[in-house]
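To start, the structure under review is shown below, and the notes come after it.
Basis for what follows: all heavy atoms, side chains included, without hydrogens, waters or symmetry-related copies.
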Amino acid sequence: MTVGLAIIAHAIRMLIHEPGTTLRVILPGLAMVLLSTIAATVLVSDVIAALSSSNANAILQIAPADVLLMLALGLTGLLGYALMAIHWHRHVLLNGPERARDLRPGWSVIAFYIWRAITVALVQMLAAVPILTALTVLAGFTGWQATPGQTGSSMILGLLAGIAFIWIALRFSITLPAAAMGQRMGLLQSWIVSAPMSGAILSVAALLSLINVATSVILSLLLPGPGPAGLLLETCVFLAEGIIFVSVLTTLYGHLVEKRPLG
């Protein structure tokens, strides 16, 4: 747990050491995410309302043009998040006289990073089957039920699932900062590289999962309800959690691959 705390502390310290520099680095991607979210709340608010209501009839009545616009805005937001991550990885990890010239990545780096992110997401989807099966068995043994009426057990099961998913994501995602640096690290290589710190990474996953659960609870208390304001607030929280995750990956890559100290 001590090493896990050191990793989290190092990742957050990098983000808050010079807030102005951090904002300048991630601003292009951050602006794309926020602008696409605002555009969605203005242009396809009916689609958001229909999806939030989970009403099958309302969803079926969504115009195809609105679906395509929502998809385009969603892809723009995802591209913005990828740019934010790539810029941060490169800002922290690039060294030498070529740093200023190479800080902004080419489209080949961006495309490869997105492909690597997709492959990591696919691995997480495959991992969902054994994780959810194990949690179902655990719920059966303990009598816990992941239902709204049993908030405590639901939160515990959600926390355990979060820890498992984040641990797997961190183990395979060392490939992402490598991709941002133009390095061809495979998923298996990422798993092998991260193996010596698998226990510390489990601690990191537990801490990040606790942060996610806490922010979810706070968000549920603050949300004004389904609608544009709620979507924008959720996006801001998602971005905050996302940049911390990205900074943790940067820290792990720097420590595991480039042998940088955590202090």
Side-chain angles (χ1 to χ4, degrees), residues 1-37 77-95 99-100 102-105 109-110 113-114 116-117 120 162-163 165-167 169-171 173-181 194 197 200-216 218-219 222 232-263:
M1 183 62 77
T2 302
V3 179
L5 283 170
I7 293 170
I8 294 285
H10 187 275
I12 294 176
R13 188 165 59 247
M14 288 194 299
L15 291 169
I16 65 175
H17 177 62
E18 294 181 356
T21 301
T22 298
L23 181 60
R24 175 177 55 80
V25 170
I26 68 173
L27 187 58
L30 182 66
M32 286 182 66
V33 176
L34 291 177
L35 288 175
S36 63
T37 302
L78 290 175
L79 176 60
Y81 182 84
L83 282 176
M84 188 174 68
I86 294 168
H87 286 165
W88 184 251
H89 292 319
R90 292 172 75 86
H91 168 71
V92 173
L93 297 171
L94 276 175
N95 291 302
R99 184 178 188 277
D102 294 339
L103 200 56
R104 299 302 180 193
V109 171
I110 295 171
Y113 188 94
I114 292 173
R116 276 288 181 245
V120 171
I163 292 171
F165 279 114
I166 294 173
W167 182 74
L170 288 171
R171 291 290 306 276
S173 293
I174 308 298
T175 186
L176 295 179
M181 297 290 288
S194 61
M197 293 190 68
I201 292 174
L202 182 61
S203 300
V204 173
L207 292 167
L208 291 177
S209 187
L210 281 170
I211 292 172
N212 292 345
V213 169
T215 53
S216 296
I218 295 171
L219 194 61
L222 295 177
L232 190 58
L233 182 57
E234 286 181 332
T235 301
C236 291
V237 171
F238 167 77
L239 286 171
E241 293 176 345
I243 194 61
I244 291 174
F245 184 85
V246 167
S247 195
V248 166
L249 286 181
T250 308
T251 299
L252 287 171
Y253 181 88
H255 184 65
L256 291 168
V257 178
E258 299 185 343
K259 308 305 178 184
R260 300 188 184 191
L262 292 174

What are the two closest non-hydrogen atoms of [X] and [Y], and how far apart are they?
X	Y	value
Gly29	Leu83	CA-CB, 4.1 Å
Ser203	Gly4	CB-CA, 4.1 Å
Ile163	Ser209	N-OG, 3.5 Å
Ser173	Leu249	CB-CD2, 3.6 Å
Tyr113	Ala85	OH-CB, 3.3 Å
Met197	Leu256	SD-CD2, 3.4 Å

Would you confirm whether [X], through its side chain, and [Y], through its main-chain N or O, come within 3.5 Å as a donor-acceptor pair?
X	Y	answer
Ser216	Asn212	yes
His87	Ile26	no
Thr22	Leu15	yes
Arg171	Ile201	no

message = side-chain contact (heavy atoms from CB on, under 4.5 Å) for Ser247 and Ile12? Distances and angles first, verdict last.
response = CA-CA 7 Å; Ser247 195; Ile12 294 176; over 6 Å; no
Side-chain contact test, heavy atoms from C-beta onward, threshold under 4.5 Å: evaluate it for [X] versus [Y] and give yes or no.
X	Y	answer
Val204	Trp167	no
Pro177	Leu93	yes
Ile8	Leu208	yes
Glu241	Ile244	no

Spatial distance of atom [atom1] ([X]) from atom [atom2] ([Y]) [nearest 0.5 Å]:
X	Y	atom1	atom2	result
Glu234	Thr37	CD	OG1	10.5 Å
His17	His10	NE2	NE2	11.0 Å
Ile174	Leu252	CD1	CG	4.5 Å
Ile211	Ile166	CD1	CD1	9.0 Å
Thr250	Glu258	OG1	CD	10.0 Å

message = Can a side-chain donor-acceptor contact be found between Tyr253 and His89 if the only test is distance below 3.5 angstrom?
response = no
side-chain contact (heavy atoms from CB on, under 4.5 Å) between Arg90 and Val109, intermediate numbers included = CA-CA 11 Å; Arg90 292 172 75 86; Val109 171; 4.2 Å; yes
key: Full working for side-chain contact (heavy atoms from CB on, under 4.5 Å) between Leu30 and Leu23   = CA-CA 9 Å; Leu30 182 66; Leu23 181 60; 3.9 Å; yes
Result of checking Leu79, Leu239, Val33, Leu27 against Met84 for side-chain contact (heavy atoms from CB on, under 4.5 Å) = Leu239
query = What do the steps show when you test Arg116 against Val120 for side-chain contact (heavy atoms from CB on, under 4.5 Å), and what is the final call?
reply = CA-CA 6 Å; Arg116 276 288 181 245; Val120 171; 5.6 Å; no
remark   = Residue set satisfying ring-ring contact (aromatic ring centres under 6.0 Å, His included) with Phe238, at least two apart, ordered chain then number -> Tyr81
